[in-house]
Amino acid sequence: MDIDILFRIAAIGILVTVISQILTRAGREDMAMLATLSGLVVVLVMVVNMISDLLNSIRTMFSL
């Protein structure tokens with residue numbers, strides 16, 4: 001596992017937090033929620049791709 005992935009996830013988390021706080025203080029709670037959900041979806045897609053790569057490696061290793 002590359003450390004680069006962890007830094008990307010952390011950067012997305014920090015960016016989403018800042019955007020959410022700015023939108024919440026501006027009175028746009030609905031947009032803040034959408035920003036948070038979109039950040040979550042981006043991170044989940046990254047994790048699903050990593051799991052897919054892991055399963056492909058396992059399949060190749062055991063010749064399934």
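Reckoned from all heavy atoms, side chains included, excluding hydrogens, waters and symmetry mates.
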With Met33 via side chain to side chain contact (heavy atoms under 4.5 Å, CB included) - residues at least two apart =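 By the side chain to side chain contact (heavy atoms under 4.5 Å, CB included) rule, Met33 matches Leu37.
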
Show the atom names and distances, to 0.1 Å, of all donor-acceptor pairs under 3.5 Å that link a side chain in residues 48-64 to residues at least two apart or in another chain.
| unit_1 | atom_1 | unit_2 | atom_2 | d |
| --- | --- | --- | --- | --- |
| Asn49 | ND2 | Val45 | O | 3.4 |
| Asn56 | ND2 | Ser52 | O | 3.3 |
| Ser57 | OG | Asp53 | O | 3.0 |
| Thr60 | OG1 | Asn56 | O | 2.9 |

Which heavy atom of Ala35 sits nearest a heavy atom of Leu23, and at what distance?
-> CB-CD1, 4.4 Å

Contacts under 3.5 angstrom, residues 7-20 side chains, donor-acceptor by atom type, not counting sequence neighbours:
| unit_1 | atom_1 | unit_2 | atom_2 | d |
| --- | --- | --- | --- | --- |
| Arg8 | NE | Asp4 | OD2 | 3.3 |
| Arg8 | NH2 | Asp4 | OD2 | 3.1 |
| Thr17 | OG1 | Gly13 | O | 2.7 |

Pairwise distance CE(Met31) to OG1(Thr36) - rounded to 0.5 angstrom |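 Met31 atom CE to Thr36 atom OG1 measures 11.0 Å (nearest 0.5 Å).
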
